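None of these values were measured; they are calculated from a predicted model. Computed over heavy atoms, backbone and side chain alike; hydrogens, waters and symmetry mates excluded.
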Amino acid sequence: STVDAAALILVRAETSATVDVSTATTVSGEASEVNTVLAVGYVTGLGTEAVTLADTGAVAATTLSSIASRTTGTINASSVATVEGTADAVNTAYGIARISGIGNEAVTLSDTTLDASKLATTDGYTDGVVNVDAATTLEGSASAVAAAFDANDANTVSGLGATGVNTVNVTGTSAAAADLINIENSVTDGVTDVEATSLTNLTGSTEDAITILSDTDFEDLGDEAVEISDTSLAAARLNVLDSKTDGAVDASSVTTLTGDVSDVNAAYTANGAATVTGLGNEALDLADTTIAAADLKTADANTDGTVDASDVTSISGNGTDMASVYGSSGISGLGNESTIEVTDASTNTAAAADLNTIVAKINATAGSTSSVTVNANITTITGTGSAVKSVYDAKTASDLTGVGDEAITISGETTSSASDINAIVSATSGTINTVTNVSTISGSLTNIQTFQTNVASGRVSPGLNYDVTITDTGTLVAQD
């Protein structure tokens, strides 16, 4: 049978005798009345019966939990329009499986300082709107706070809008930059304080991290470590991010770094200083059309990945740097530039081997019409006789320009070919110095004679004493 809670209260008020309702299987009535009659000692015979609530308005969550604690029966609360109380109290009530008929009613939370994760739990319990007008402070992890504002935008939560909280406190040590941006975009003019003092680590894209670290509402940020998620990244933006925080920027997710070589090398400088970490094996896609060989060489040395220099149309530098980049297996896209200039105002010298390396790269590049220009500040070319001769052969083939009047220093060999020296004499108006290194001249008798003629004319400067090796076979005429 069903007993009405209000009627029991009237009966109890009229008698001091024990009221026994042990035959009742259901207690019905408003929640406050049901809670009263189920109290221990109020009447006898209750504790296992079902409960049917008659409330059509608001019911305190603590009352629902109290009723559940006083009977082992099922509590039908389907008539209830609103559950109210603190987030803890509300979530406790919703978590009691014996309370049935709830899940689509409104909820009014009374917390003034509201935990965003508890709000999310409440929002998940009901299809009704959760009202948080009482809250003046919203706190929790960045993801939980951002989710709370998302719920407010979706109208499953109300009270975080124009008349909402005035303090947001992001807790925890790590936050996704995107969540902080979501929070920033959601807070209203009424929010006077956004705190994130506990954060030590930010995660997310470089752009999101830059955005939030540039936001003046988050005054506590600026010394966090940042773990970015980009795989392809403009070096200039990485450098901006590095400037926004005193913490280290972990760029280990990056597989391709793009941009001007100056920005790329700045990023690697930061990596060397440990304000950026995780770089060293990514591909580089350079945007420069004009580049210094020294800068390109530095970029190549900074990474184990391939350096794409295919946008370069003009490159210059000393012979060593130019040979390094043109001879590197780690650099792609070189060999067809409109301007390739070897220049060295410091030493005024170029090594023949370096010039030959550059020419070889051009000749190995399909469809290349490029040539190497040797700047007028190169007044000396050094190298073995054969290497120097190859430089002038490249000039003859129109692969190299700007040579013809420089001095030559033969180096890297103690025996030189008279034929090579003679060819060099014909190719440049400068003096060929063999004094320092060459102790033997070899070649046919004719070439030796021509060499000696060049010595006599002052075009070749050999040592006072040098050996001669004649390579002719057969018979020689003694007077020759």
Side-chain angles (χ1 to χ4, degrees), residues 206 228 230-239 242 249-344 350-374 383 387 390 394 399-400:
T206 297
I228 60 176
D230 308 77
T231 54
S232 180
L233 180 61
R237 301 306 287 166
L238 177 57
N239 295 334
D242 183 36
V249 178
D250 182 352
S252 55
S253 66
V254 176
T255 56
T256 302
L257 202 58
T258 66
D260 291 343
V261 71
S262 58
D263 291 326
V264 168
N265 286 340
Y268 283 106
T269 298
N271 193 73
T275 60
V276 172
T277 64
L279 295 181
N281 61 358
E282 43 292 314
L284 303 182
D285 186 357
L286 301 182
D288 305 79
T289 55
T290 299
I291 198 167
D295 292 338
L296 180 54
K297 179 181 177 181
T298 298
D300 185 33
N302 279 330
T303 181
D304 294 332
T306 300
V307 181
D308 183 352
S310 56
D311 287 340
V312 174
T313 58
S314 177
I315 183 171
S316 62
N318 65 45
T320 301
D321 291 340
M322 290 285 280
S324 176
V325 297
Y326 276 94
S328 173
S329 61
I331 299 175
S332 68
L334 289 183
N336 196 26
E337 295 69 47
S338 58
T339 300
I340 302 172
E341 183 180 33
V342 177
T343 179
D344 194 333
D354 290 339
L355 296 176
N356 292 332
T357 295
I358 303 167
V359 170
K361 176 65 176 181
I362 293 169
N363 290 335
T365 302
S368 176
T369 58
S370 299
S371 64
V372 180
T373 299
V374 178
S390 292
D399 292 331
L400 184 144

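Using a distance-only test at 3.5 Å, with no hydrogens or angles considered, no donor-acceptor pair links the side chain of Asp300 to the main chain of Val307. Asn239 contributes a side-chain N or O that, together with a main-chain N or O of Ala235, makes up a donor-acceptor pair within less than 3.5 Å. The main-chain N or O of Thr298 is found under 3.5 Å from a side-chain atom of Asn302 such that the two form a donor-acceptor pair. Put simply, the side chain of Asp311 never gets that close to the backbone of Asp288: no donor and acceptor are under 3.5 Å apart. Of the possible polar contacts, one joining the Ser253 side chain to the Ile228 backbone as a donor-acceptor pair under 3.5 Å is found. A donor-acceptor contact shorter than 3.5 Å links the side chain of Ser370 to the backbone of Glu337. Distance alone, capped at 3.5 Å, places no donor-acceptor pair between the Glu341 side chain and the Thr339 backbone. Ser316 places no side-chain N or O within donor-acceptor distance of the main-chain N or O of Ala292, the cut-off being under 3.5 Å. Using modelled atom types, no side-chain atom of Ser328 and backbone atom of Ser324 make a donor-acceptor pair closer than 3.5 Å. Remark: side-chain polar atoms of Thr269 are paired, donor with acceptor, to backbone N or O of Asn265 under 3.5 angstrom.
Atom CG of Leu334 and atom OG of Ser368 lie 10.5 Å apart (nearest 0.5 Å). We find the CG-OG1 distance between Leu400 and Thr373 to be 7.5 Å, quoted to the nearest 0.5 Å. Distance check: Asp242 CG to Asn271 CG gives 10.0 Å after rounding to the nearest 0.5 Å.
Nearest heavy atoms, Ala353 versus Ala387: N-CB, 4.5 Å. Residue Val325 comes nearest to Ala293 through the heavy atom pair CG1-O, 3.6 Å, listed as atom of the first residue, atom of the second, then distance. When every heavy atom of Arg237 is checked against every heavy atom of Leu233, the shortest pair comes out as CB-CD1, 4.5 Å. Taking every heavy atom of both residues into account, Ala251 and Leu279 meet most closely at CB-CD2, 3.9 Å. For Ala299 against Val261, the heavy-atom pair with the smallest separation is CB-CG2, 4.0 Å. Between Thr320 and Lys297 the shortest heavy-atom distance is CG2-NZ, 4.2 Å.
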Going through the distances and angles, do Val276 and Tyr268 end up as a side-chain contact (heavy atoms from CB on, under 4.5 Å)? CA-CA 8 Å; Val276 172; Tyr268 283 106; over 6 Å; no
Stepwise side-chain contact (heavy atoms from CB on, under 4.5 Å) test for Ser232 and Thr258: CA-CA 7 Å; Ser232 180; Thr258 66; 4.2 Å; yes
For Asp399 and Asn363, run side-chain contact (heavy atoms from CB on, under 4.5 Å): C-alpha distance rounded to whole Å, both residues' side-chain angles, the deciding distance at 0.1 Å, then the answer. CA-CA 8 Å; Asp399 292 331; Asn363 290 335; 3.4 Å; yes
May I have the step-by-step check of side chain to side chain donor-acceptor pair (under 3.5 Å) for Thr206 and Asp230, ending in yes or no? CA-CA 7 Å; Thr206 297; Asp230 308 77; 2.8 Å; yes
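Side chains of Asp250 and Ser252: a donor-acceptor N/O pair is present below 3.5 angstrom, by distance only. A donor-acceptor pair shorter than 3.5 Å cannot be found between the side chains of Thr256 and Asp285.
Partner of Tyr326 under the side chain to side chain contact (heavy atoms under 4.5 Å, CB included) criterion, out of Ile315, Val359, Thr365, Asp321: Ile315 alone.
Residues Leu286 and Ile291 form a side-chain contact, since some pair of their non-hydrogen atoms from C-beta on lies under 4.5 Å apart. Residues Val312 and Thr290 form no side-chain contact, since every pair of their non-hydrogen atoms from C-beta on lies 4.5 Å or further apart. Here the side chains of Ile340 and Ile362 are in contact, with some heavy-atom distance below 4.5 Å. Residues Met322 and Val372 are not in side-chain contact: their nearest non-hydrogen atoms beyond the backbone lie 4.5 Å or more apart. For the pair Val249/Leu238, a side-chain contact is recorded, criterion being any heavy-atom separation below 4.5 Å from C-beta on. Side-chain contact between Thr306 and Leu284 is absent, with no heavy-atom pair separated by less than 4.5 Å.
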